[in-house]
4 protein chains.
Amino acid sequence: MSAPRIAPIDDIRPSRLVRPSSQKKLDRLLSKAAALIAKNGFNAMTMRELSTALGMSLAGLYHYFASKEDLLFQLQYRTFAALLEQQEKIAEQPGTPEERLERLLTGHLQFYSRHTNELKVCTFELESLGPKPYKLAEEIRRRYYRLMASVVAQVIDGPAAGARETRQSRHASLYIFGMLNWIFMWYDPARHGSVEQIGREMRDMLLHGLKGTKRSG
Amino acid sequence: MSAPRIAPIDDIRPSRLVRPSSQKKLDRLLSKAAALIAKNGFNAMTMRELSTALGMSLAGLYHYFASKEDLLFQLQYRTFAALLEQQEKIAEQPGTPEERLERLLTGHLQFYSRHTNELKVCTFELESLGPKPYKLAEEIRRRYYRLMASVVAQVIDGPAAGARETRQSRHASLYIFGMLNWIFMWYDPARHGSVEQIGREMRDMLLHGLKGTKRSG
Amino acid sequence: MSAPRIAPIDDIRPSRLVRPSSQKKLDRLLSKAAALIAKNGFNAMTMRELSTALGMSLAGLYHYFASKEDLLFQLQYRTFAALLEQQEKIAEQPGTPEERLERLLTGHLQFYSRHTNELKVCTFELESLGPKPYKLAEEIRRRYYRLMASVVAQVIDGPAAGARETRQSRHASLYIFGMLNWIFMWYDPARHGSVEQIGREMRDMLLHGLKGTKRSG
Amino acid sequence: MSAPRIAPIDDIRPSRLVRPSSQKKLDRLLSKAAALIAKNGFNAMTMRELSTALGMSLAGLYHYFASKEDLLFQLQYRTFAALLEQQEKIAEQPGTPEERLERLLTGHLQFYSRHTNELKVCTFELESLGPKPYKLAEEIRRRYYRLMASVVAQVIDGPAAGARETRQSRHASLYIFGMLNWIFMWYDPARHGSVEQIGREMRDMLLHGLKGTKRSG
DNA sequence: GATGAATGAGCTTTCATTCAT
DNA sequence: TATGAATGAAAGCTCATTCAT
């Protein structure tokens with residue numbers, strides 16, 4: 001069940017090679033961009049604004065990104081790829097389906113709490129991509145979705161049933177992604193507790209229903 | 001437990017009265033605007049584009065909306081108010097907490113299926129509002145959230161416990177709204193069945209956990 | 001030396017007769033318009049703004065004025081005509097040239113203090129008129145200028161010299177109009193005293209030079 | 001009696017440094033803008049019109065001016081500052097109060113004849129500025145006014161009286177500025193002679209009264 | 001007379017992007 | 001690599017004016 005390699009970024013930016021020496025600077029640029037996009041949306045972020053926030057010239061940005069959309073794509077692709085890689089490793093660890101589900105939930109939430117801006121951009125600005133980069137990003141997303149669905153299927157039908165998805169498991173996975181992604185709209189660690197706690201709550205609700213959430217209070 | 005009346009729109013635009021005769025036209029404008037915003041986002045929709053789609057002049061739009069943002073606000077406010085009104089009526093009907101929860105789920109999804117564009121705009125363009133209209137829209141949202149949380153609380157702790165919210169019920173409500181709102185990202189009636197079916201699935205999962213979803217297959 | 005009648009307004013607005021019954025309303029409109037134009041300039045005043053300030057509909061204004069420029073013209077023409085008529089009467093009164101000069105100065109300043117807004121519009125928005133109304137307004141102005149120049153000539157060269165203008169009298173008249181019209185830029189009755197006092201000061205300075213102004217202190 | 005330095009422009013636009021290399025270009029832009037504004041007023045001048053007249057793109061203008069109003073402010077501030085600097089130098093030269101007054105009159109008129117457009121903009125478009133730049137421009141104006149008033153005071157009360165302003169000297173200065181500034185409305189070198197001649201005429205009228213103007217004919 | 005609705009033309013400003021240096 | 005200067009395209013919005021009622 002080893003995953004195929006993810007298509008390289010340069011598929012979409014064949015014109016420019018980013019050498020290791022500038023990797024660190026590139027990361028800084030993307031991080032700042034993520035913060036600005038997360039705050040007001042991709043459209044609202046302007047290249048000028050970004051250049052000012054970075055203390056560099058507007059034209060200078062175009063040494064790192066072929067276009068504003070390329071910037072968005074790089075941001076999304078890298079983030080998604082990192083999330084998927086993490087979750088695939090987590091899913092490979094042995095354990096009951098229930099244990100693995102909890103690990104996926106918590107892993108997702110932890111990734112969220114460490115890369116809030118980046119994940120927010122991935123979650124809400126997918127449609128801002130053009131058709132080609134969209135397809136590339138979509139592909140990773142789909143793999144992540146299948147990963148979740150296969151674990152959910154084992155929870156529902158038992159590990160003996162293999163990882164065959166069913167209508168139930170597919171729908172449930174969509175509900176679960178809704179729960180997970182909606183967290184951007186409300187989560188505040190000071191008010192709601194740690195993401196690990198949230199992960200346990202979700203697990204209880206998913207495994208035992210609403211009444212089961214009383215146990216984890 | 002009768003709800004206080006919703007603050008009238010004119011709180012924010014006291015200068016303009018929309019008379020009954022133009023109500024119909026206003027509805028048409030808002031409906032088309034909702035479609036365009038839902039498609040590409042509020043920022044991407046241009047007033048010119050809207051005017052063309054409506055077959056009227058650009059300047060003519062400004063007879064109905066003080067600004068582009070005012071348009072967004074009117075759209076959100078009306079839609080939210082209609083949704084809230086519907087759901088409050090539904091919640092008032094007698095029945096066990098479980099029955100009332102299912103009715104709320106289904107009611108939300110039905111509203112979604114009848115006003116997909118409008119609800120999408122409400123769900124994803126809230127942050128495009130300025131501070132003052134944001135607060136007004138937020139207020140309705142909060143009331144809807146409380147309505148859901150009170151029913152969820154009764155499901156968890158039993159009807160005898162009253163509608164007192166707890167940490168569990170509040171968090172669970174947030175998870176539920178995530179499930180409900182995420183539907184914009186994937187739902188296709190042809191592939192996923194009717195919204196009533198989805199509503200039953202969600203109910204089963206919420207009441208009995210993932211394994212409980214097998215029953216409604 | 002009786003002055004020829006002033007060309008009737010209808011030369012420029014042949015399309016519409018203003019009947020006596022609406023005369024009063026027309027005056028109100030022009031007065032409000034004068035106030036708004038005086039405040040921010042003709043260009044900055046909008047017909048909407050005016051209609052709002054008057055509590056009437058935008059379209060309604062066009063029953064009284066063929067266009068925005070027509071409004072300006074009517075305002076200027078009426079005001080100038082009234083000023084000229086007053087000053088011609090004043091100049092006809094008997095007296096030494098010096099006395100008649102003082103009367104003209106004071107008359108001008110009194111007219112200013114009674115019709116500040118209107119006169120300001122006449123003084124600073126002449127160029128906002130199109131060529132045809134400009135010429136009509138210019139004509140009255142020129143008559144007023146000649147009236148002043150003839151009196152100034154008598155002051156300089158003695159009443160025996162008749163009213164023949166000279167280079168001196170013409171230039172001096174221009175300087176005097178400068179003094180008079182610049183008053184819009186600074187005059188405040190609370191700080192500078194009555195216009196009659198100002199008139200005496202100007203007379204002293206004009207007749208006796210700067211050192212002569214000490215007498216009227 | 002050395003004057004304090006004039007507040008630098010950057011007080012209001014600290015973000016943009018105009019380097020010496022672009023100074024020449026900036027001057028060209030402002031000069032053309034002055035011509036267009038002088039012709040039809042600030043409101044009537046459009047940025048498009050200016051860009052066309054300069055043979056550059058509309059957007060390019062915004063490299064030099066943060067906004068249309070900023071353009072007006074820069075124009076006014078620079079012109080006023082230059083006028084004030086010149087007149088302060090002139091006033092410092094030794095001589096009787098009468099000689100110094102004449103030098104100020106002639107200096108003002110010469111500045112006018114060399115920078116007609118710019119000075120016209122300063123004189124008639126002050127109110128087109130917003131409150132903050134207005135205050136800055138007002139400040140320079142006031143200093144110029146005081147300079148004139150102090151010399152006028154010495155003419156009236158003799159040099160021994162120092163430069164203490166009196167009601168007479170203050171008012172007389174306002175009349176003088178009226179005479180000087182009104183020149184925009186009528187002066188034509190071909191018809192009225194050189195500005196130096198006008199300056200002498202004004203001096204004679206101011207020192208000896210209307211009858212004294214015969215001497216300079 | 002009066003007005004709500006509508007519009008063509010035009011305004012200031014912003015944006016992503018390019019290019020000579 | 002880096003940047004100041006420049007620009008085509010387009011955006012939101014306003015204005016004087018018209019016209020059916």
Side-chain angles (χ1 to χ4, degrees), chain A residues 16 18-19 21-22 25 42-51 54-72, chain B residues 16-19 21-22 25-26 43-51 54-71, chain C residues 16 18-19 21-22 25 42-51 54-72, chain D residues 16-19 21-22 25-26 43-51 54-71:
Chain A
R16 200 174 301 277
V18 176
R19 293 178 329 184
S21 72
S22 14
K25 174 147 194 185
F42 177 68
N43 260 297
M45 182 204 75
T46 72
M47 296 298 271
R48 257 192 176 73
E49 180 188 15
L50 179 58
S51 78
L54 287 164
M56 70 188 295
S57 77
L58 176 57
L61 283 178
Y62 286 83
H63 286 279
Y64 296 90
F65 311 108
S67 68
K68 193 187 176 193
E69 193 193 310
D70 174 46
L71 180 158
L72 179 60
Chain B
R16 188 182 302 279
L17 269 288
V18 177
R19 293 184 334 190
S21 71
S22 19
K25 172 140 196 187
L26 181 61
N43 256 296
M45 180 204 78
T46 74
M47 295 299 272
R48 271 184 173 80
E49 180 188 13
L50 178 58
S51 77
L54 286 164
M56 70 188 295
S57 76
L58 174 59
L61 283 178
Y62 286 85
H63 273 276
Y64 295 90
F65 311 108
S67 66
K68 194 186 175 192
E69 192 193 311
D70 174 47
L71 181 158
Chain C
R16 199 174 301 278
V18 176
R19 294 179 328 185
S21 71
S22 16
K25 174 144 194 187
F42 176 68
N43 259 297
M45 181 203 75
T46 73
M47 295 298 271
R48 256 193 176 75
E49 180 188 13
L50 179 58
S51 78
L54 288 164
M56 70 187 294
S57 78
L58 176 58
L61 283 178
Y62 286 83
H63 285 278
Y64 296 90
F65 311 107
S67 69
K68 193 188 176 191
E69 193 194 309
D70 174 46
L71 181 159
L72 178 61
Chain D
R16 185 182 304 279
L17 269 288
V18 177
R19 294 186 333 191
S21 70
S22 21
K25 172 141 198 189
L26 180 60
N43 256 298
M45 181 203 77
T46 73
M47 295 298 270
R48 264 188 176 78
E49 180 188 13
L50 179 57
S51 78
L54 287 164
M56 71 187 294
S57 78
L58 176 58
L61 284 177
Y62 286 83
H63 272 276
Y64 295 91
F65 310 109
S67 67
K68 194 187 175 191
E69 192 194 310
D70 175 46
L71 181 157

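Letters go in sequence order (proteins before strands), and every chain restarts at 1.
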Whole angstrom is fine here: how far is it from [atom1] in [X] over to [atom2] in [N]?
X: B/Asp70; N: F/dG12; atom1: CG; atom2: P; value: 14 Å
X: D/Met56; N: F/dG4; atom1: CE; atom2: P; value: 17 Å
X: C/Leu54; N: E/dT3; atom1: CG; atom2: P; value: 11 Å
X: D/Leu26; N: F/dA5; atom1: CG; atom2: C1'; value: 14 Å
X: C/Tyr64; N: F/dT17; atom1: OH; atom2: P; value: 18 Å
X: D/Leu61; N: F/dT7; atom1: CG; atom2: P; value: 9 Å
X: B/His63; N: F/dC13; atom1: NE2; atom2: C1'; value: 13 Å
X: B/Phe65; N: E/dA6; atom1: CZ; atom2: P; value: 12 Å

Problem set entry | Interatomic spacing from CG in A/Leu61 to CG in A/Leu54 - rounded to 0.5 Å |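 If we round to the nearest 0.5 Å, A/Leu61:CG and A/Leu54:CG are 6.5 Å apart.
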Exercise. Out of curiosity, B/Tyr62 OH to B/Ser51 OG, how far, rounded to the nearest 0.5 Å?
Worked result: 9.5 Å
Problem set entry | Heavy-atom protein contacts under 4.0 Å, nucleotides 8-15 of chain E, coded B base, S sugar-phosphate only, - none | B-BSBBBB
For this session: Taking all non-hydrogen atoms of both residues into account, name the closest pair between D/Phe65 and D/Asp70 and its distance.
Result: CA-OD2, 3.4 Å
For this session: Mind listing the closest non-hydrogen atom pair of B/Met45 and B/Glu49 along with its distance?
Result: CA-OE1, 3.3 Å
Exercise. Under 3.5 Å, side chain of D/Lys68 to main-chain N/O of D/Thr46, donor-acceptor pair present?
Worked result: no
For this session: Report yes or no: does A/Lys25 contribute a side-chain atom to a donor-acceptor pair with the main-chain N or O of A/Tyr64 at less than 3.5 Å?
Result: no
Exercise. Is there a Watson-Crick or G-U wobble partner for E/dA20 with both distances under 3.5 Å, and which nucleotide is it?
Worked result: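 Per the H-bond distance test, F/dT3.
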Problem set entry | Strand partner of E/dG8, provided both Watson-Crick or wobble distances fall under 3.5 Å | F/dC15
Exercise. Under 4.5 Å between any side-chain heavy atoms of C/Leu50 and C/Leu71, yes or no?
Worked result: yes
For this session: Taking only the side-chain nitrogens and oxygens of D/Lys25, find out if one of them lies under 4.0 Å from OP1 or OP2 of F/dA6.
Result: yes
